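A quick write-up on the structure given underneath.
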Amino acid sequence: MTLPTFTYNPDPIKLEVIKKEKTDCPVYNKERDYVYKGPFYSVEDVEKEAYIDELVYRTPGYFGWQQEHWLSHCGDFCAIVEYVGWKEIEHLEEELAGDLIEIMATFNMTKEKLKEWLVNDGALQGYLFRCVHCHQHRLTVDSN
């Protein structure tokens, strides 16, 4: 059995929300090769009901410290790319400028402190998204 393609989470195995593991499906009473280990999510303001249905009912989530926050762009949800720290996104600093300003204001920190504290698998965790239409990157963070 192969996994379907998920619009908003193209690599759920990499993000460890789906694991290759034998399991019994309670709905179909059949053995399956994969099991969903991820969370559910909150929904950001998006106009089209079809986008919300795709995200809520057919997209694996991602692991966050608090409640997951799914970003949007071009009137649609973005695809989760990976968990990141500053070193993974520093080449995207200009593209992520708007998100970085918002994050610094939310956490009341300077850019220097953000660069220091934003560490993959650290206390301030980054989540990199990409627009499924224009491919613009977006960033959100979460702290433990």
Side-chain angles (χ1 to χ4, degrees), residues 1-27 32-144:
M1 177 188 161
T2 59
L3 288 176
T5 300
F6 300 105
T7 302
Y8 303 120
N9 191 342
D11 199 350
I13 292 174
K14 174 182 168 186
L15 297 179
E16 299 180 348
V17 293
I18 292 181
K19 301 220 180 200
K20 187 159 179 67
E21 177 182 305
K22 294 284 185 191
T23 186
D24 290 321
C25 175
V27 176
R32 298 292 184 201
D33 294 328
Y34 297 92
V35 62
Y36 181 68
K37 299 280 189 174
F40 298 95
Y41 19 70
S42 62
V43 177
E44 192 170 314
D45 186 30
V46 171
E47 298 293 321
K48 287 182 99 176
E49 193 171 314
Y51 296 160
I52 295 170
D53 285 348
E54 176 76 21
L55 181 68
V56 172
Y57 299 114
R58 293 181 294 282
T59 302
Y62 68 93
F63 290 111
W65 284 112
Q66 312 299 324
Q67 177 67 45
E68 293 69 34
H69 180 73
W70 215 280
L71 297 178
S72 65
H73 196 263
C74 292
D76 194 356
F77 292 107
C78 294
I80 180 79
V81 177
E82 61 184 324
Y83 306 121
V84 296
W86 184 257
K87 74 176 191 172
E88 291 86 11
I89 61 161
E90 63 184 330
H91 67 286
L92 299 171
E93 183 175 355
E94 187 175 314
E95 184 178 354
L96 296 171
D99 290 330
L100 294 173
I101 289 168
E102 184 177 325
I103 291 164
M104 289 183 295
T106 299
F107 287 87
N108 194 27
M109 65 173 53
T110 64
K111 187 176 281 187
E112 291 71 32
K113 284 294 181 191
L114 177 64
K115 291 177 179 183
E116 177 186 338
W117 293 351
L118 184 59
V119 177
N120 192 16
D121 206 23
L124 186 62
Q125 176 66 59
Y127 308 96
L128 185 65
F129 288 79
R130 183 173 39 241
C131 178
V132 297
H133 300 284
C134 74
H135 307 290
Q136 166 78 31
H137 285 95
R138 299 276 326 268
L139 179 71
T140 188
V141 300
D142 201 359
S143 65
N144 64 358

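When reading the values below, keep in mind they use all heavy atoms of this one structure, side chains included, and skip hydrogens, waters and symmetry mates. All of these numbers come straight from a predicted model, not from anything done at the bench.
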* **Working for salt bridge (Lys or Arg N to Asp or Glu O under 4.0 Å), residues Arg32 and Glu21** => CA-CA 8 Å; Arg32 298 292 184 201; Glu21 177 182 305; over 6 Å; no
* Applying side chain to side chain contact (heavy atoms under 4.5 Å, CB included), run through Leu3 and Ile13 and close with a yes or a no. => CA-CA 10 Å; Leu3 288 176; Ile13 292 174; 3.6 Å; yes
* Could you go step by step and tell me if Phe6 and Ile18 meet the side chain to side chain contact (heavy atoms under 4.5 Å, CB included) rule? -> CA-CA 12 Å; Phe6 300 105; Ile18 292 181; 4.0 Å; yes
* **Test log, rule side chain to side chain contact (heavy atoms under 4.5 Å, CB included), inputs Tyr127 and Val84** => CA-CA 6 Å; Tyr127 308 96; Val84 296; over 6 Å; no
* Would you check, one step at a time, whether the test salt bridge (Lys or Arg N to Asp or Glu O under 4.0 Å) holds for Glu112 with Lys115? => CA-CA 5 Å; Glu112 291 71 32; Lys115 291 177 179 183; 5.7 Å; no
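Side chain of Glu82 to main chain of Leu15: no donor-acceptor pair is present (N/O by atom type, distance under 3.5 Å, no hydrogens or angles). Side chain of Asn9 to main chain of Thr59: no donor-acceptor pair is present (N/O by atom type, distance under 3.5 Å, no hydrogens or angles). Using modelled atom types, one side-chain atom of Gln125 and one backbone atom of Asp121 make a donor-acceptor pair closer than 3.5 Å. The backbone N or O of Lys113 sits less than 3.5 Å from a side-chain atom of Thr110, completing a donor-acceptor pair. Judged by distance alone, with hydrogens and angles left aside, the side-chain atoms of Asn120 form no donor-acceptor pair with the main-chain N or O of Gly85 at under 3.5 Å. At distances below 3.5 Å, at least one donor-acceptor pair connects side-chain atoms of Tyr62 with backbone N or O atoms of His69. The main-chain N or O of Leu92 is never found under 3.5 Å from a side-chain atom of Glu95 such that the two would form a donor-acceptor pair. Arg138 contributes a side-chain N or O that, together with a main-chain N or O of Ser72, makes up a donor-acceptor pair within less than 3.5 Å.
Under a cut-off of 6.0 angstrom, the local environment of CD in Glu94 is sparse, with at most 12 non-hydrogen atoms contributed by other residues, nucleotides or ligands. Environment of CD in Glu93: crowded, with over 12 heavy atoms of neighbouring residues, nucleotides or ligands closer than 6.0 Å. Within a 6.0 Å radius of CG in Asn108, other residues, nucleotides and ligands contribute 12 heavy atoms or fewer.
Taking the six-membered ring where the residue is Trp, Phe129 and Trp70 present perpendicular rings, their angle passing 60° and hence far from 30°. Using a 30° and 60° split on the angle between ring planes, Tyr8 and Phe77 fall in the perpendicular class, above 60°.
A pairwise comparison of heavy atoms in Trp86 and Leu100 identifies CZ3-CD2, 4.0 Å as the closest pair. Looking at every heavy atom in both residues, Gln66 comes nearest to Asp142 through N-OD2, 2.6 Å. Taking both residues in full, the closest heavy atoms of Leu114 and Met104 are given as CD2-CG, 3.9 Å, listed atom of the first, atom of the second, then distance. The two residues Ala123 and Trp65 come nearest to each other via the heavy atoms O-NE1, 4.1 Å. Annotation for Leu124 and Ser143: closest pair CD1-CB, 4.0 Å, computed over non-hydrogen atoms. Taking both residues in full, the closest heavy atoms of Glu16 and Phe63 are given as O-CE1, 3.0 Å, listed atom of the first, atom of the second, then distance.
For the atom pair OG1 (Thr7) and CG (Asp76), the distance works out to 8.5 Å, reported to the nearest 0.5 Å. If you take CG on Leu118 and CD on Glu90, they are separated by 11.0 Å, rounding to the nearest 0.5 Å. One distance of note links NZ of Lys19 with CG of Asp33; it measures 16.0 Å at 0.5 Å rounding. Rounding to the nearest 0.5 angstrom, the gap separating the SG atom in Cys78 from the CG atom in Leu128 is 9.5 Å.
Proximity of Ile52 to Tyr57: side-chain heavy atoms (C-beta onward) are nowhere separated by under 4.5 Å.
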